[in-house]
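See structure below.
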Amino acid sequence: MPTEEQLTDEQLAVELIGRTDYGRVATSMRAMPFLAFARHIVADGRVLLRMHRGCGHHQACVGRIVAYGTDSLSAARPDEGVWSAQIVGRCEIVEPTAAHLELFGATPRVVDDEPYDPVYLGIEPRFSTVHSTDGRLERQFPHVP
(Lines give C-alpha, C1' and ligand atoms only; values in the text may rest on other atoms or scores of the structure.)
Protein backbone atom coordinates (compact mmCIF):
# COMPACT_ATOMS: atom_id res chain seq x y z
CA MET A 1 0.00 0.00 0.00
CA PRO A 2 1.53 3.33 -1.01
CA THR A 3 2.01 6.08 1.51
CA GLU A 4 0.09 9.31 0.98
CA GLU A 5 3.18 10.83 -0.61
CA GLN A 6 3.31 7.97 -3.13
CA LEU A 7 -0.32 8.14 -4.26
CA THR A 8 -0.83 8.61 -7.99
CA ASP A 9 -3.05 11.46 -9.15
CA GLU A 10 -5.81 8.93 -9.89
CA GLN A 11 -5.51 7.37 -6.44
CA LEU A 12 -5.61 10.80 -4.79
CA ALA A 13 -8.72 11.78 -6.75
CA VAL A 14 -10.43 8.50 -5.80
CA GLU A 15 -9.37 8.99 -2.14
CA LEU A 16 -10.93 12.46 -2.12
CA ILE A 17 -14.09 11.29 -3.88
CA GLY A 18 -14.40 8.62 -1.19
CA ARG A 19 -14.64 11.38 1.43
CA THR A 20 -18.02 12.48 0.06
CA ASP A 21 -21.31 10.70 -0.65
CA TYR A 22 -22.60 12.42 -3.79
CA GLY A 23 -21.15 13.83 -6.96
CA ARG A 24 -21.92 14.66 -10.56
CA VAL A 25 -21.39 12.58 -13.68
CA ALA A 26 -20.75 14.43 -16.93
CA THR A 27 -21.30 12.98 -20.37
CA SER A 28 -23.25 13.89 -23.47
CA MET A 29 -26.84 13.11 -24.36
CA ARG A 30 -28.09 13.73 -27.88
CA ALA A 31 -24.81 15.54 -28.64
CA MET A 32 -25.34 18.00 -25.78
CA PRO A 33 -23.31 18.24 -22.53
CA PHE A 34 -25.13 16.61 -19.66
CA LEU A 35 -24.73 16.47 -15.83
CA ALA A 36 -26.53 14.16 -13.41
CA PHE A 37 -26.07 13.62 -9.69
CA ALA A 38 -25.30 10.20 -8.24
CA ARG A 39 -24.60 8.49 -4.94
CA HIS A 40 -21.14 6.93 -5.00
CA ILE A 41 -18.80 4.68 -3.08
CA VAL A 42 -15.18 3.72 -3.66
CA ALA A 43 -14.36 0.02 -3.94
CA ASP A 44 -11.10 -1.57 -5.13
CA GLY A 45 -9.86 1.65 -6.71
CA ARG A 46 -13.05 2.14 -8.73
CA VAL A 47 -15.85 4.59 -8.20
CA LEU A 48 -19.25 2.90 -8.13
CA LEU A 49 -22.36 4.97 -8.76
CA ARG A 50 -26.02 4.45 -7.85
CA MET A 51 -28.54 6.30 -9.98
CA HIS A 52 -32.30 6.17 -10.54
CA ARG A 53 -33.07 4.04 -13.58
CA GLY A 54 -36.34 5.87 -14.19
CA CYS A 55 -34.60 9.07 -15.27
CA GLY A 56 -32.67 7.18 -17.98
CA HIS A 57 -29.48 9.14 -17.27
CA HIS A 58 -27.49 5.94 -16.91
CA GLN A 59 -28.13 5.15 -20.59
CA ALA A 60 -26.06 8.20 -21.54
CA CYS A 61 -23.18 6.85 -19.43
CA VAL A 62 -22.97 3.11 -20.06
CA GLY A 63 -20.19 2.15 -22.46
CA ARG A 64 -18.89 5.69 -22.73
CA ILE A 65 -16.07 7.74 -21.30
CA VAL A 66 -17.51 9.95 -18.55
CA ALA A 67 -16.20 12.42 -16.02
CA TYR A 68 -17.23 12.13 -12.39
CA GLY A 69 -16.43 14.69 -9.76
CA THR A 70 -17.16 15.96 -6.33
CA ASP A 71 -15.83 18.61 -3.99
CA SER A 72 -15.83 19.97 -0.47
CA LEU A 73 -17.73 23.16 -1.34
CA SER A 74 -20.71 22.46 0.93
CA ALA A 75 -18.65 20.92 3.74
CA ALA A 76 -15.83 23.44 4.12
CA ARG A 77 -16.00 25.84 7.03
CA PRO A 78 -15.37 29.54 6.32
CA ASP A 79 -11.75 29.27 7.54
CA GLU A 80 -10.99 26.21 5.38
CA GLY A 81 -10.01 25.97 1.76
CA VAL A 82 -11.98 23.87 -0.65
CA TRP A 83 -10.96 21.07 -2.97
CA SER A 84 -12.40 19.40 -6.04
CA ALA A 85 -11.58 16.02 -7.54
CA GLN A 86 -12.56 14.54 -10.87
CA ILE A 87 -11.90 11.24 -12.56
CA VAL A 88 -12.38 10.31 -16.19
CA GLY A 89 -12.88 6.75 -17.33
CA ARG A 90 -15.08 4.21 -19.05
CA CYS A 91 -18.45 3.67 -17.39
CA GLU A 92 -20.05 0.23 -17.26
CA ILE A 93 -23.01 -1.43 -15.55
CA VAL A 94 -21.91 -3.31 -12.42
CA GLU A 95 -23.57 -5.82 -10.14
CA PRO A 96 -22.97 -4.61 -6.58
CA THR A 97 -21.99 -7.07 -3.88
CA ALA A 98 -23.77 -7.21 -0.54
CA ALA A 99 -20.85 -5.25 0.94
CA HIS A 100 -21.24 -2.56 -1.75
CA LEU A 101 -24.97 -2.28 -1.07
CA GLU A 102 -24.25 -1.84 2.62
CA LEU A 103 -21.80 0.98 1.85
CA PHE A 104 -24.34 2.70 -0.39
CA GLY A 105 -26.89 2.64 2.42
CA ALA A 106 -30.61 3.05 2.09
CA THR A 107 -32.09 4.04 -1.26
CA PRO A 108 -34.45 6.97 -1.60
CA ARG A 109 -38.13 6.04 -1.73
CA VAL A 110 -38.94 8.23 -4.73
CA VAL A 111 -37.32 10.43 -7.36
CA ASP A 112 -39.52 12.94 -9.19
CA ASP A 113 -42.58 11.25 -7.66
CA GLU A 114 -41.60 7.85 -9.11
CA PRO A 115 -40.55 4.82 -7.03
CA TYR A 116 -36.75 4.69 -6.88
CA ASP A 117 -35.28 1.95 -9.09
CA PRO A 118 -31.50 1.78 -8.60
CA VAL A 119 -29.00 1.09 -11.33
CA TYR A 120 -25.31 0.63 -10.50
CA LEU A 121 -22.40 1.82 -12.63
CA GLY A 122 -18.63 1.57 -12.25
CA ILE A 123 -15.90 3.92 -13.44
CA GLU A 124 -12.29 2.78 -13.70
CA PRO A 125 -10.21 5.99 -13.50
CA ARG A 126 -7.98 6.63 -16.52
CA PHE A 127 -6.93 10.13 -15.52
CA SER A 128 -7.91 12.72 -12.98
CA THR A 129 -7.65 16.27 -11.75
CA VAL A 130 -7.44 17.58 -8.20
CA HIS A 131 -7.51 21.24 -7.17
CA SER A 132 -7.48 23.03 -3.81
CA THR A 133 -7.63 26.65 -2.71
CA ASP A 134 -5.45 26.73 0.37
CA GLY A 135 -2.43 24.51 -0.27
CA ARG A 136 -3.43 21.90 2.32
CA LEU A 137 -3.58 19.14 -0.26
CA GLU A 138 -0.22 20.18 -1.59
CA ARG A 139 1.23 19.91 1.93
CA GLN A 140 -0.57 16.66 2.72
CA PHE A 141 0.26 15.12 -0.68
CA PRO A 142 3.52 16.73 -1.86
CA HIS A 143 3.32 15.44 -5.44
CA VAL A 144 0.08 17.39 -6.18
CA PRO A 145 0.93 20.28 -8.53
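All values derive from a computational prediction rather than experimental measurement. Side chains included, hydrogens not; waters and symmetry mates left out as well; all remaining heavy atoms used. Throughout, residue positions are numbered sequentially from 1 according to the sequence presented.
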Path from Met51 to Val62 over hydrophobic side-chain contacts below 4.5 Å: yes

Kindly indicate whether the side chain of Tyr68, heavy atoms from C-beta on, has any atom under 4.5 Å from the side chain of Gln86. no

For Leu12 and Thr8, what are the C-alpha separation, side-chain angles and deciding distance, and is it a side-chain contact (heavy atoms from CB on, under 4.5 Å)? CA-CA 6 Å; Leu12 175 59; Thr8 67; over 6 Å; no

Is there a path of hydrophobic side-chain contacts, each under 4.5 Å between heavy atoms of I, L, V, M, F, W or Y residues, that connects Val130 with Val14? no

Worked verdict on His40 versus Leu48 for side-chain contact (heavy atoms from CB on, under 4.5 Å): CA-CA 5 Å; His40 65 261; Leu48 304 184; over 6 Å; no

Residue set satisfying side chain to side chain donor-acceptor pair (under 3.5 Å) with His100, at least two apart, ordered chain then number -> Thr97

Test side-chain contact (heavy atoms from CB on, under 4.5 Å) applied to Ser72 and Thr20, step by step: CA-CA 8 Å; Ser72 66; Thr20 64; 5.9 Å; no

Are Leu35 and Leu49 co-members of a hydrophobic cluster defined by side-chain heavy atoms under 4.5 Å apart? no

Given the rule in the side-chain contact (heavy atoms from CB on, under 4.5 Å) test, do Arg64 and Cys91 qualify, once you have shown the distances and angles that lead to the verdict? CA-CA 6 Å; Arg64 298 196 176 132; Cys91 184; 5.9 Å; no

Please table the atom pairs, donor to acceptor, closer than 3.5 Å between any side-chain atom in residues 115-129 and protein atoms at least two apart or in another chain.
unit_1 : atom_1 : unit_2 : atom_2 : d
Asp117 : OD2    : Arg53  : NE     : 3.2
Ser128 : OG     : Asp9   : O      : 3.0
Ser128 : OG     : Glu10  : N      : 3.3

Check whether Thr133 reaches the backbone of Gly81 with its side chain - one donor and one acceptor, N or O, closer than 3.5 Å. no

Minimum heavy-atom separation for Val42 to Val47, with atom names? CG2-CG2, 4.4 Å

Donor-acceptor check, side chain of Arg50 to backbone of Gly105, threshold 3.5 angstrom: yes or no? yes

If I take atom CG from residue Leu16 and atom CD1 from residue Ile87, how far apart are they, to the nearest 0.5 angstrom? 11.5 Å

Could you tell me which residues satisfy side-chain contact (heavy atoms from CB on, under 4.5 Å) with Phe34, sequence neighbours excluded, listed by chain and number? Thr27, Met29, Ala36, His57

Do the side chains of Asp71 and Arg24 get close enough for a salt bridge, i.e. N-O under 4.0 angstrom? yes

Non-hydrogen atoms of Gly63 and Glu92 that approach each other most closely: CA-OE2, 3.8 Å

Are Arg46 and Val94 side-chain neighbours, meaning at least one heavy-atom pair lies under 4.5 Å? yes

Nearest 0.5 Å, what's the NE2-SG distance between His58 and Cys61? 9.0 Å

